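Shown next, in structure tokens, is the structure this report addresses.
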There are 2 protein chains.
Amino acid sequence: MDEPRWLDAEEMRAWRGYLGLVRLLDYRLNRDLQEESGLTAADYEILVRLSEAPQRQQRMTELAEGAMISKSRLSHQMTRLENRGLACRVGCQTDRRGAFAVLSDKGFDALAAAAPGHVASVRRHLFDQLTPEQVKVLGDLSDAVIAGLTRD
Amino acid sequence: MDEPRWLDAEEMRAWRGYLGLVRLLDYRLNRDLQEESGLTAADYEILVRLSEAPQRQQRMTELAEGAMISKSRLSHQMTRLENRGLACRVGCQTDRRGAFAVLSDKGFDALAAAAPGHVASVRRHLFDQLTPEQVKVLGDLSDAVIAGLTRD
DNA sequence: CTCGGATAGTTGAACCCTCAATCAGACTGT
DNA sequence: ACAGTCTGATTGAGGGTTCAACTATCCGAG
């Protein structure tokens with residue numbers, strides 16, 4: 001193995017910062033969301049995606065790819081959402097292997113009730129702490145890293 | 001509840017970017033680390049902290065706070081590390097309720113073997129994709145958000 | 001001294017995620 | 001038609017995380 005370049009001081013600071021940011025922010029956002037709405041972040045993301053999809057429904061595989069989670073995980077998650085009446089599965093007519101995840105009215109209502117609080121929480125804990133310039137760079141830098149990670 | 005300010009376009013872009021960044025980067029870093037060293041990110045962090053502590057040991061509570069995880073989670077984690085011989089627990093003399101988590105030689109060796117590959121992975125997937133300016137802003141912005149989250 | 005409350009840490013159950021195995025339906029070439 | 005392979009999705013086991021309950025010890029007030 002080659003001698004690796006270590007991280008310089010600025011990089012180490014950014015790295016430690018990133019780690020702390022993610023842990024703290026995820027924790028707080030999840031906590032706020034859970035307390036205010038009874039939804040987890042995982043629940044919330046699925047409901048948002050379904051609510052934005054045509055007919056409020058989407059194929060399982062497509063939904064899993066969009067949310068960047070495994071099909072297995074989505075399947076388990078959908079089972080839980082289904083048990084709570086927030087969504088349901090409907091078989092696909094044209095491809096009988098396939099299934100659509102469908103947002104129920106109850107799921108839509110739960111999302112509508114949760115969204116304002118969640119947005120407020122994201123705003124308060126994240127964007128209210130940042131300058132417009134920092135927001136822009138966060139977007140740019142995320143895109144750059146994602147691009148690197150996405151092109152195999 | 002007050003009318004919440006929604007996110008503007010730049011904020012929404014940054015938010016979606018952040019979400020994708022975290023999911024993808026965590027996934028890839030964990031995967032690389034696991035494959036190359038057999039350690040999970042959670043294992044790795046505990047070992048790093050112990051390796052940097054005086055005597056390569058630290059009180060359970062202090063370690064949990066530093067790593068920003070619950071005492072319960074640390075306790076389970078230490079049980080697993082202990083079973084693999086990477087660390088062990090030693091009772092505290094002056095406070096018989098307390099315990100030190102201690103890094104074993106085997107744990108130190110495992111960390112030393114894992115570190116270069118992990119650093120290379122962080123560099124490749126994250127810092128090689130960013131400009132020095134972006135790295136600086138990432139550090140700044142993380143500090144700002146953490147500060148907001150930390151002052152109750 | 002000793003009672004009550006705070007603190008250090010552990011435990012077990014419930015829950016969630018991952019991974020490999022599986023199933024059923026669709027496509028492809030012969 | 002049909003064997004082989006690919007794809008969409010589910011399942012179950014195993015392992016990690018959370019939450020509340022618990023044990024044991026320490027400390028301060030009376």
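Chain naming here is simple, since letters A, B, ... match the order of the sequence lines and numbering starts at 1 in each. These numbers were taken from a predicted model, which means no experiment stands behind them.
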Practice prompt. Taking atom CD of A/Gln93 as the centre, report whether more than 12 heavy atoms of other residues, nucleotides or ligands fall under 6.0 Å from it.
Written response: no

Between [X] ([atom1]) and [N] ([atom2]), how many Å, whole number?
X        : N      : atom1 : atom2 : result
B/Phe100 : C/dT10 : CZ    : C1'   : 18 Å
B/Arg89  : C/dT10 : CZ    : P     : 4 Å
B/Leu74  : D/dC19 : CG    : P     : 16 Å
A/Asn83  : C/dA14 : CG    : C1'   : 15 Å
A/Glu35  : D/dT18 : CD    : P     : 15 Å
B/Glu45  : D/dT17 : CD    : P     : 12 Å
B/Met78  : C/dT11 : CE    : P     : 12 Å

Test: salt bridge (Lys or Arg N to Asp or Glu O under 4.0 Å). Region: [range]. Which pairs qualify, not counting sequence neighbours?
range                     : answer
residues 67-79 of chain B : none
residues 82-92 of chain A : A/Asp43-A/Arg84, A/Glu82-A/Arg89
residues 8-19 of chain B  : A/Glu52-B/Arg16, A/Arg123-B/Glu11, A/Asp140-B/Arg13, A/Asp143-B/Arg13, B/Glu10-B/Arg13

Just verifying a value: how many Å separate [X] [atom1] and [Y] [atom2], rounded to the nearest 0.5 Å?
X       : Y       : atom1 : atom2 : answer
B/Leu63 : B/Leu74 : CG    : CG    : 5.0 Å
A/Arg23 : B/Met68 : CZ    : CE    : 5.5 Å
A/Leu50 : A/Leu86 : CG    : CG    : 10.5 Å

Contacts of A/Thr79 and A/Gln34 projected onto DNA chain D by closest heavy atom; the upstream (5') one is A/Thr79

Quiz item: Can you check side chain to side chain contact (heavy atoms under 4.5 Å, CB included) on A/Ile46 and A/Gln77, steps first, answer last?
Solution: CA-CA 9 Å; A/Ile46 299 306; A/Gln77 181 103 36; 4.2 Å; yes

Protein heavy-atom contacts under 4.0 Å, written 5' to 3' over nucleotides 15-24 of chain C as B (base), S (sugar-phosphate only) or - (none), form the string -SSBB----B

So, with a heavy-atom separation below 4.0 Å from DNA chain D, the residues of residues 56-68 of chain A are A/Arg59, A/Met60, A/Thr61

*Would you mind classifying the nucleic acid contact of A/Arg31 as base, sugar-phosphate or nothing, using non-hydrogen atoms under 4.0 angstrom?*
nothing

Residue set satisfying salt bridge (charged side-chain N to carboxylate O under 4.0 Å, His left out) with A/Arg97, at least two apart, ordered chain then number -> A/Asp95

